[in-house]
Amino acid sequence: MYNPFTKHPRECVNETWWEHCQFALNVGIRLIFTSLIFIIHGIFPFIEIPRWLNLEDSILFLDKENSNREIKKKAND
């Protein structure tokens with residue numbers, strides 16, 4: 001039976017809907033928070049961006065999250 005909620009997570013990264021939801025929420029919340037900090041910094045340049053939210057660390061975070069998913073997908077193939 002076709003289920004649009006499980007088709008993409010299962011076919012792309014071999015995850016359940018809940019695992020995929022947790023991953024997407026984790027990344028999305030991090031990016032929203034990072035964006036808000038950058039907007040605040042743009043308006044008030046004297047407010048420093050915390051190191052863990054700067055662009056370099058955000059890229060490393062996204063790369064690590066993506067690598068973890070690729071490892072998990074290969075292990076399940």
Side-chain angles (χ1 to χ4, degrees):
M1 176 182 214
Y2 174 76
N3 184 341
F5 287 98
T6 59
K7 184 178 187 299
H8 166 71
R10 184 180 57 250
E11 289 179 356
C12 294
V13 287
N14 200 20
E15 291 179 331
T16 65
W17 175 87
W18 180 244
E19 290 171 324
H20 192 69
C21 182
Q22 286 178 313
F23 169 79
L25 287 172
N26 185 32
V27 170
I29 289 169
R30 166 75 184 254
L31 292 175
I32 288 170
F33 195 62
T34 300
S35 298
L36 290 173
I37 294 295
F38 270 83
I39 290 168
I40 291 168
H41 175 72
I43 296 167
F44 305 103
F46 50 87
I47 296 177
E48 291 188 30
I49 297 171
R51 173 153 171 74
W52 68 278
L53 289 176
N54 70 18
L55 289 178
E56 185 178 341
D57 279 11
S58 293
I59 290 168
L60 292 174
F61 166 78
L62 292 171
D63 190 46
K64 181 184 86 127
E65 291 294 312
N66 195 47
S67 293
N68 289 344
R69 295 179 90 216
E70 289 175 2
I71 291 168
K72 186 166 93 173
K73 182 180 180 189
K74 287 179 185 176
N76 290 326
D77 284 347

Q.
I'd like to know if the side chain of E19 reaches the main chain of T16, judged simply by a donor and an acceptor atom lying under 3.5 Å from each other, with no hydrogens or angles considered.
A. yes
Q | Residue pairs, two or more places apart or on separate chains, that pass salt bridge (Lys or Arg N to Asp or Glu O under 4.0 Å) and touch residues 33-45 | A | none
Q: If you link ILVMFWY side chains whenever their heavy atoms are less than 4.5 Å apart, which other residues fall into the same cluster as W17? By chain and number, please.
A: F5, W18
Q. Considering residues at least two apart in sequence or located in another chain, which fulfil the side-chain contact (heavy atoms from CB on, under 4.5 Å) criterion with H41?
A. I49
**Q.** F23 CZ to N66 CG distance, which is reported to the nearest 0.5 Å
**A.** 6.0 Å
(Q) Counting C-beta onward and ignoring hydrogens, is there a side-chain heavy-atom pair between H20 and H8 closer than 4.5 Å? (A) yes
Q: Can you tell me which residue pairs pass the salt bridge (Lys or Arg N to Asp or Glu O under 4.0 Å) test with a partner in residues 53-65, sequence neighbours excluded?
A: R51-D57
May I have the list of side-chain donor-acceptor pairs in residues 25-40 shorter than 3.5 Å, sequence neighbours left out?
| unit_1 | atom_1 | unit_2 | atom_2 | d |
| --- | --- | --- | --- | --- |
| R30 | NH2 | W52 | O | 2.6 |
| T34 | OG1 | R30 | O | 2.8 |
| S35 | OG | L31 | O | 2.8 |

